[in-house]
Amino acid sequence: MRSFNIRIGGEAGQGLVSIGNILLEAIAREGWYLFANQDYESRIRGGHNYFQIRLADEPVRAIQHGVDLLVALDKATVNLHWQELTQSGHIIYDPRVVDALPEDMKDSGRLIPISFEKVVEELGQPKVMANAVAAGAIWALLSDDITVLQDILAEMFISKGEAVVEGNRQVAQAGFDIVRNHIGAEVPKPPKPTEKRPRMLLKGNEALPLGALAAGVRFMSAYPMTPSTGVTEFIAGHAEECGVVMEQAEDEISAINMIIGAAYTGVRAMTATSGGGFALMTEALGLAGAAEIPVVIIDAQRPGPSTGLPTRTEQGDLLYAVAGSSGDFPKAVLAPGDPEEAFYLVAHAFNLAEEYQMPVIVMSDQHLADSHVVVDLLDLNRIEHRRGLVAQGDEAGPDYVRYRFTEDGISPRLYPGFGEGLVVSAGDEHDEQGHLIEDAETRTLMMEKRMAKLEKAAREVLEPVLCGVTEDPDFVLIGWGSTKGAIKEAVEILNRDSGRVMGVHLPQVYPLPQNLDKILNLPARKYIIESNYTGQLERLIASEFAWKPDGSVRRYDGRPMDPEYILAKLEGGIRRGK
Amino acid sequence: MRSFNIRIGGEAGQGLVSIGNILLEAIAREGWYLFANQDYESRIRGGHNYFQIRLADEPVRAIQHGVDLLVALDKATVNLHWQELTQSGHIIYDPRVVDALPEDMKDSGRLIPISFEKVVEELGQPKVMANAVAAGAIWALLSDDITVLQDILAEMFISKGEAVVEGNRQVAQAGFDIVRNHIGAEVPKPPKPTEKRPRMLLKGNEALPLGALAAGVRFMSAYPMTPSTGVTEFIAGHAEECGVVMEQAEDEISAINMIIGAAYTGVRAMTATSGGGFALMTEALGLAGAAEIPVVIIDAQRPGPSTGLPTRTEQGDLLYAVAGSSGDFPKAVLAPGDPEEAFYLVAHAFNLAEEYQMPVIVMSDQHLADSHVVVDLLDLNRIEHRRGLVAQGDEAGPDYVRYRFTEDGISPRLYPGFGEGLVVSAGDEHDEQGHLIEDAETRTLMMEKRMAKLEKAAREVLEPVLCGVTEDPDFVLIGWGSTKGAIKEAVEILNRDSGRVMGVHLPQVYPLPQNLDKILNLPARKYIIESNYTGQLERLIASEFAWKPDGSVRRYDGRPMDPEYILAKLEGGIRRGK
Amino acid sequence: MANNTRFEISRETAWCPGCGNFGILSGLSEALTELGLSPNQVLFVSGIGQAGKTPHYIKGNVLNTLHGRTLPTATGAKLANADLTVIAIGGDGDGYAEGGNHFLHAVRKNVNITYLVHVNQVFGLTKGQASPTSGQGMVTSTTPFGVANEPFNAIATAITLNGSFVARSYAGDRAHLVKTIKAAVQHEGFALVEILQPCVTFNKINTYQFYRERVYDLNEAGHDPTDRASAWERSWEWGDRIPIGIFYQVSRPTLDKQHPALREGPLVRREFNPGVVQQVLDRYIVK
Amino acid sequence: MANNTRFEISRETAWCPGCGNFGILSGLSEALTELGLSPNQVLFVSGIGQAGKTPHYIKGNVLNTLHGRTLPTATGAKLANADLTVIAIGGDGDGYAEGGNHFLHAVRKNVNITYLVHVNQVFGLTKGQASPTSGQGMVTSTTPFGVANEPFNAIATAITLNGSFVARSYAGDRAHLVKTIKAAVQHEGFALVEILQPCVTFNKINTYQFYRERVYDLNEAGHDPTDRASAWERSWEWGDRIPIGIFYQVSRPTLDKQHPALREGPLVRREFNPGVVQQVLDRYIVK
Ligand SMILES: Cc1ncc(C[n+]2csc(CCOP(=O)(O)OP(=O)(O)O)c2C)c(N)n1
Ligand SMILES: Cc1ncc(C[n+]2csc(CCOP(=O)(O)OP(=O)(O)O)c2C)c(N)n1
Ligand code: SF4
Ligand code: SF4
Ligand SMILES: [Mg+2]
Ligand SMILES: [Mg+2]
């Protein structure tokens with residue numbers, strides 16, 4: 001894979017995201033693959049943020065360290081990032097705001113000054129168009145042809161009238177030309193893939209709610225919390241079109257209880273939150289478990305403990321999600337590794353929830369939520385709607401009992417009002433009818449009924465996703481969630497060096513796949529890679545399989561896992577240890 | 001050990017607890033040891049409850065199955081319990097309410113009819129005195145001398161005047177005499193211990209708050225929730241005397257945040273709750289972890305999931321307490337096994353909390369909370385007040401920073417207003433000063449600072465408490481919390497059969513003692529005994545030590561663990577398997 | 001009353017003999033029967049507490065949830081299936097202590113449900129601790145020095161939040177109770193009915209006799225429930241005379257009217273439309 | 001103002017240029033300085049949000065807690081150490097959405113603290129979603145069809161709960177702000193000061209200009225803050241004219257007065273008394 005890494009840095013409010021989005025679209029249309037991530041602070045204006053796009057000639061799912069093009073909208077960008085420039089890396093900077101420049105680059109011809117606002121001013125256009133100048137300038141390093149970019153600007157601004165479109169095109173062209181004049185046409189452009197399949201461009205916080213819409217979600221309630229808010233806003237924005245109710249709750253407790261109320265009546269219902277909000281939901285998680293009400297909860301993790309780093313990433317809620325709420329009850333925890341998987345897993349979560357009548361938690365995190373990728377078309381036809389056991393005919397009649405004892409613990413649901421039967425559900429311990437009990441016998445049976453569902457669910461867990469050398473590997477790297485792409489690329493790099501390394505991604509972390517022990521017992525050195533301090537996946541696997549890995553890579557600085565970080569930490573393990 | 005088991009059954013509101021308490025006191029004064037537990041429903045009147053007292057000639061810490069004396073205040077008592085009578089067991093029953101009686105006992109002389117209310121009526125006393133009749137009647141099977149009982153009645157009612165005292169004594173005597181006439185004096189009385197040391201009689205929900213008072217707790221806030229309410233009410237009841245503020249909160253979220261506010265200022269502060277309330281506290285648990293504020297939380301477990309069985313017992317919150325809240329942070333989880341240990345461990349919890357500036361959770365449960373025992377005198381002198389590192393002199397001056405980096409991660413606290421320095425605390429990630437940060441470096445350092453405290457705490461964990469055969473055992477039974485007494489007695493019974501069994505009780509379950517592996521690796525068959533479905537201690541140990549036991553006993557019907565239950569479940573394991 | 005059997009059930013209750021909840025239970029059955037509803041159209045949602053057990057003793061669909069979470073659960077159910085008549089039931093602790101925030105916001109949202117609050121001025125199920133409605137000075141196990149806080153006046157608060165139906169009734173006045181519950185269920189919007197409920201075990205102050213001597217029908221006394229300021233003023237009357245009846249009623253848009261997705265009927269009846277979702281997905285296809 | 005330096009700090013803020021929070025920050029510094037307080041006697045407690053960051057930009061002790069939990073934390077701190085001047089600071093989302101229940105009960109409890117609520121009608125930090133005070137019809141990312149709920153009138157609610165000091169001020173009126181904060185801090189009891197705070201980024205409706213044209217001092221206009229009913233009436237004024245000032249003030253016992261343990265001074269200064277505890281323990285000795 002050959003890739004090219006663009007990092008655009010500036011203050012919040014300077015339009016990083018706008019510039020980034022224009023470029024993402026253009027890059028994707030040109031046929032490249034890409035992975036784009038966002039690094040931002042918990043504030044609305046100022047500070048230092050960046051938007052980073054890595055484009056490649058093959059599908060790419062992770063960030064890289066070296067920067068091929070640094071675009072500086074503020075001073076801090078140059079200071080903070082220039083040392084990460086590759087040998088041939090360029091800096092586009094605004095001389096009006098950037099004063100100090102790296103000495104050793106001064107005469108390299110790789111410093112490209114361009115004052116975006118001045119360009120706009122000179123062309124008599126309004127300041128806001130500076131973003132288009134920047135996009136044009138950047139594009140000059142990617143392609144000889146600015147048409148795609150111009151098309152996108154036209155589409156974006158057509159609703160504002162022809163003049164705005166024309167202005168944007170003009171300033172973009174100017175930016176393009178200035179850079180071209182500076183670097184000349186001979187600067188090598190990143191190679192494009194030969195084949196151009198139909199593809200989609202989207203980020204986690206689009207894929208997750210799209211999965212829910214594809215699953216026919218009908219009701220959502222949530223309280224905003226970074227980095228889950230995008231899911232909530234997406235559903236709200238598509239509520240009318242897709243026939244969904246998104247009700248903003250007064251707090252997370254209300255949100256989860258609202259969806260429990262909705263799900264009880266028979267609709268698919270979900271919420272989305274992050275650590276602190278998830279904490280407030282755990283009491284009701286137990287209610288969903290006890291009363292056997294199917295709900296889907298997206299927990300978009302960010303670094304804790306407590307409020308932590310609200311806009312950064314971590315995988316620190318795993319054990320919390322697994323142990324969440326008092327007592328034992330069936331639940332499932334899924335861990336999509338990229339937007340594509342997120343789409344299918346959210347849809348799967350609704351099936352699991354309804355088939356087993358239990359809560360299902362989907363673990364997202366800031367890195368998954370905010371990162372864009374180019375993927376194959378998401379296929380609606382691959383999504384089944386398995387609504388689980390619902391009482392039919394006589395079953396739904398006056399003798400209906402909600403918690404009928406069955407062999408696999410699954411009792412037919414009835415949607416209240418859909419039959420003559422009455423649907424009595426309770427979070428206290430109850431009998432088959434749903435009424436409160438005190439005796440040990442019914443308690444035991446009801447507990448065993450619920451846990452039988454978990455045992456069944458444990459036999460139908462999503463299989464681990466393997467990559468790299470899957471036959472007789474010497475090394476195995478195991479991860480879950482958003483580290484998937486970084487682990488995969490690390491495996492590829494190692495295998496390029498003629499290593500025999502297998503990567504294992506767990507899309508479902510609870511219950512764990514029962515056949516995971518096959519992998520755990522391979523005669524190979526095994527490492528767990530995850531973004532938290534205490535090694536939560538490691539502890540979870542150990543608790544189930546009484547097993548320890550040979551080593552681990554744990555990141556807890558709030559930044560996303562990346563292949564180079566993994567390789568550096570493994571240095572001496574895999575590379576030397578072999 | 002020779003013991004005698006009295007079970008008094010009736011409806012809620014019939015005065016079971018009053019009769020029980022009179023007897024407890026009398027039994028203890030007579031020199032016996034005792035263990036008394038309560039079985040009650042989640043309602044105020046009616047239903048079926050019982051109060052059970054096992055008295056013995058040696059210290060006793062568990063319930064037994066066989067009933068030596070069944071006292072029936074309602075019909076249900078006879079029907080539900082008579083089959084548990086021992087060969088020589090008696091039934092005292094009220095013929096006005098109990099109609100059906102066990103056929104095979106009819107002519108045994110072991111059925112003792114006595115209508116408590118009629119006795120009272122005939123003596124021209126008010127109905128409420130029926131309790132004293134019952135107490136007198138029961139006493140007739142325990143002792144030839146009613147003096148102790150009479151003394152207690154006098155002490156209890158002296159505040160109501162001489163007439164009430166006299167009435168109670170009179171009706172108690174009548175109850176005593178009726179039974180005596182029925183059974184004759186030759187019925188063998190349970191043996192008393194020869195030696196009579198100074199002792200205390202108390203239950204978990206007294207020992208826990210007494211431990212807090214002994215630790216100098218100054219502030220408590222809580223929201224009532226069975227089975228923790230007793231702790232709250234106890235502190236409220238002693239607030240004036242002991243100089244404590246107990247503020248009833250509007251909800252559990254408020255309760256824990258209030259104590260965080262109080263603890264921040266420098267007082268020892270605590271709360272008490274149960275599963276659902278604990279759930280609501282987990283967000284703030286993380287705050288206490290992040291902001292390094294010492295608080296003590298008593299989680300009195302009851303069977304979940306969700307509201308479950310509010311008045312019953314279970315050990316289902318262990319993993320929840322350990323994993324509680326998002327992200328990784330230091331905390332400790334203690335698990336007292338009986339009221340005596342509860343007293344010392346709660347005091348210890350405050351020391352741990354302040355020395356490590358972290359939240360400490362004490363796991364109680366309904367069985368521990370509501371069970372009475374006779375123990376050696378609780379010794380206030382054994383309780384140290386280790387307040388942890390507090391800034392002194394210049395340190396507390398204007399340059400004071402709250403989160404100073406130190407080798408062991410412990411930064412000196414300052415109580416706001418106690419020095420010129422300012423105390424800046426935050427639940428967001430912060431720098432040494434306590435102000436909010438975004439950078440990876442400070443994040444990493446601050447995370448490592450906090451976790452260093454946990455690593456230090458892990459080296460100072462409370463040792464496992466061993467019993468039975470501690471050298472080269474063939475079998476090891478491991479437990480935590482309120483199962484301690486039951487496991488100990490099971491071990492004793494097995495060793496009586498010339499078994500070589502060791503019992504292990506873990507007073508601290510998080511962090512686990514690092515040398516636990518010595519026990520785990522003993523060449524013996526190891527079993528984990530706990531009151532939950534999924535084997536939470538087992539999973540916790542496995543997650544730390546990658547270890548599995550040879551078998552386990554798990555109880556999840558809401559009833560307390562007892563020696564006979566353990567033995568029955570182990571049957572074929574220890575007994576036959578040997 | 002043969003009429004009443006449609007909602008009556010013969011299950012044994014877990015309440016104390018003489019508890020005010022019995023009056024509420026039978027008044028509720030009667031009101032619903034008189035409204036011509038059938039049990040499978042009605043959903044009772046409750047939290048945890050003595051009042052929260054009510055749904056188990058009446059015929060109907062039941063969702064017995066968590067302490068304090070009665071209102072959001074009921075709101076979710078109603079938004080998902082507006083065909084159901086949703087009746088939320090809870091204690092004063094459930095509704096005003098643990099659930100206080102939901103109370104505030106449910107009133108604001110004006111979701112079309114009925115909310116019955118059994119006001120017994122104590123936490124009954126946990127054995128008599130002070131609740132937000134406890135009178136000042138009341139001594140309980142958690143307030144040994146007497147309740148100090150200002151009692152929570154839910155009627156005044158609901159009026160302040162522009163609650164669209166705000167009423168009070170009394171467990172001991174069957175006719176009034178039935179009448180009030182009927183009006184509440186028929187009201188379009190959030191209908192709060194506080195019911196004064198003697199707790200014979202833990203509340204020795206607010207007894208049947210206490211209320212018998214004090215309650216009067218404020219509507220019969222000429223109060224105009226469309227006058228908000230006067231309703232607010234009236235809500236402070238708590239002494240020798242205690243008003244029951246409808247304090248305030250106003251017509252304002254209900255929550256479901258705000259959601260375009262509900263225009264075509266209950267969500268729970270809505271079929272999945274793959275075409276629409278495909279359309280959304282297609283927007284992410286790279287040109 | 002040299003005077004002001006006692007509480008001023010030169011730390012860079014994370015707020016947008018022009019944000020109403022700047023005015024509040026400097027008004028607060030000035031008020032505290034004028035009151036003659038020194039920073040180590042003052043404790044600022046805040047939750048999470050843009051408003052919640054305020055304590056980091058002023059000199060004093062700081063307890064920056066969770067979103068919505070400002071009030072219980074401040075209550076606990078004040079009960080433990082009444083020597084501290086406790087100022088709770090939060091956004092309208094923090095205080096009225098996530099923290100709504102604590103708001104209700106803190107007012108009832110009448111704990112002796114000052115509570116500053118920065119009312120910007122949005123969730124600022126999470127990028128502009130509706131808050132409980134958003135005007136009806138306001139379109140945000142989570143309310144694409146416009147806010148439907150009745151806006152939460154905290155002033156009216158606090159008056160209804162018999163809040164002992166209920167005031168409103170405006171970030172753009174420095175003199176009024178300083179005066180109001182000073183009165184609030186001096187008040188014995190729970191003092192609510194709502195501060196109208198333009199959010200220049202997300203709220204295009206309630207701007208500086210909007211307020212400049214509308215606010216007037218209701219005390220200057222002759223309002224009597226001891227008249228509760230008139231205060232409640234006045235709190236509904238929100239249109240061409242928006243009142244600022246003290247709506248309601250009443251003297252009632254503060255929370256700390258209810259706890260006998262506080263009679264001898266702050267808890268945090270109280271020494272451990274083993275004799276008393278031994279006395280309690282001794283009651284459990286078997287005779
Ligand atoms: C989260 C949580 N906190 C506390 C409890 C314990 N609890 C059960 S009922 C109750 C109070 C009941 O009072 P109220 O709501 O007034 O109902 P009542 O019994 O008086 O009818 C409490 C505190 C609980 N079940 N869940
Ligand atoms: C439990 C929890 N839920 C949600 C959030 C996310 N969050 C942070 S600030 C905020 C709202 C801020 O609004 P407001 O309190 O009005 O403060 P403002 O930023 O407007 O000053 C939210 C929802 C959180 N931090 N914690
Ligand atoms: S305790 Fe009170 S509220 Fe509960 S059932 Fe008994 S009388 Fe009714
Ligand atoms: S987003 Fe609004 S409230 Fe937040 S700092 Fe900017 S202007 Fe102020
Ligand atoms: Mg009540
Ligand atoms: Mg706000």
Side-chain angles (χ1 to χ4, degrees), chain A residues 41-42 47 253 274-276 278-280 282-283 285-287 289-291 301 303-310 312 314 316-317 319-320 322-329 426-429 436 438 440-441 443-444 447 450-451 532-534 536 539-540 542-544 546-548 556-559, chain B residues 41-42 47 253 274-276 278-280 282-283 285-287 289-291 301 303-310 312 314 316-317 319-320 322-329 426-429 436 438 440-441 443-444 447 450-451 532-534 536 539-540 542-544 546-548 556-559:
Chain A
E41 302 187 355
S42 182
I253 302 176
S274 184
F278 181 73
L280 295 167
T282 55
E283 189 195 11
L285 194 69
L287 172 64
Q301 301 160 97
S306 198
T307 308
L309 290 170
R312 314 255 163 215
E314 190 164 283
D317 296 4
L319 291 176
Y320 191 31
V322 167
S325 219
S326 54
D328 294 308
F329 58 94
D428 280 90
E429 195 55 282
L436 314 188
E438 290 278 358
E441 293 66 36
R443 157 69 178 178
T444 303
M447 195 70 192
R450 283 189 298 262
M451 297 309 279
N532 59 57
Y533 189 99
T534 54
Q536 299 199 8
R539 293 177 72 86
L540 183 63
S543 76
E544 192 70 37
W547 168 95
K548 287 270 156 179
Y556 46 84
D557 61 358
R559 273 59 185 175
Chain B
E41 302 187 355
S42 182
I253 302 175
S274 184
F278 180 73
L280 295 167
T282 55
E283 190 196 11
L285 194 68
L287 172 65
Q301 302 159 97
S306 198
T307 309
L309 289 170
R312 314 256 164 213
E314 191 165 280
D317 296 3
L319 291 176
Y320 191 31
V322 168
S325 219
S326 54
D328 293 310
F329 58 93
D428 279 90
E429 196 54 282
L436 314 188
E438 289 278 356
E441 292 67 35
R443 157 69 178 178
T444 303
M447 194 72 193
R450 283 189 298 262
M451 298 308 279
N532 59 57
Y533 189 100
T534 54
Q536 298 198 9
R539 294 177 72 86
L540 183 64
S543 76
E544 193 70 37
W547 168 95
K548 287 270 155 181
Y556 47 85
D557 62 357
R559 273 59 184 175

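Protein chains get the first letters and strands the later ones, always in sequence-line order, with residue 1 at the start of each. Model, not experiment: these values are computed from the prediction.
- Ranked by heavy-atom pairs shorter than 4.5 Å toward chain A, the options B:Ile253, B:Leu436, B:Leu319, B:Leu287 are led by B:Leu287.
- By number of non-hydrogen pairs under 4.5 angstrom with chain B, the leading residue of A:Gly327, A:Ala426, A:Ser325 is A:Ser325.
- Of the listed residues A:Asp557, A:Thr307, A:Asp328, the one with more heavy-atom pairs under 4.5 angstrom with chain B than any other is A:Asp328.
- Under the ring-ring contact (aromatic ring centres under 6.0 Å, His included) criterion, A:Phe329 pairs with no residue at all, not counting sequence neighbours.
- The part of B:Glu314 that comes within reach of chain A is its side chain, from C-beta onward, which places non-hydrogen atoms under 4.5 angstrom from that chain.
- The distance from atom OG1 of B:Thr534 to atom CE of A:Met451, rounded to the nearest 0.5 Å, is 5.5 Å.
- Ranking B:Ser274, B:Gly286, B:Gly308 against chain A, the residue ahead of the rest is B:Gly308, based on heavy-atom pairs under 4.5 Å.
- The two residues B:Ser326 and A:Gly276 come nearest to each other via the heavy atoms OG-N, 4.1 Å.
- Once rounded to the nearest 0.5 Å, the distance linking OH of A:Tyr556 with CZ of B:Arg443 reads 9.5 Å.
- Considering only residues two or more places apart in sequence or on other chains, A:Ser543 meets the side chain to side chain contact (heavy atoms under 4.5 Å, CB included) condition with A:Leu540, B:Arg539, B:Ser543.
- Most heavy-atom pairs under 4.5 Å with chain B, from the set A:Gly304, A:Ala440, A:Gly316: that is A:Ala440.
- For chain B, the option among A:Ala279, A:Ala546, A:Gly558 with the highest count of heavy-atom pairs below 4.5 Å is A:Ala546.
- Note that OH of B:Tyr533 is 10.5 Å distant from OG1 of A:Thr444, once rounded to the nearest 0.5 Å.
- The minimum heavy-atom distance between A:Glu438 and B:Ser42, with the atom names listed, is OE2-N, 2.7 Å.
- Per-residue counts of heavy-atom pairs under 4.5 Å with chain A were compared for B:Ser306, B:Ala323, B:Ala290; the largest is that of B:Ser306.
- Nearest heavy-atom pair, B:Lys548 versus A:Glu544, reported as atom, atom and distance to 0.1 Å: NZ-O, 3.4 Å.
- Within the 4.5 Å cutoff, no side-chain heavy atoms of B:Glu429 are placed close to those of A:Pro303.
- Note: B:Gly275 leads B:Gly289, B:Gly275, B:Gly47, B:Ala291 in heavy-atom pairs under 4.5 Å with chain A.
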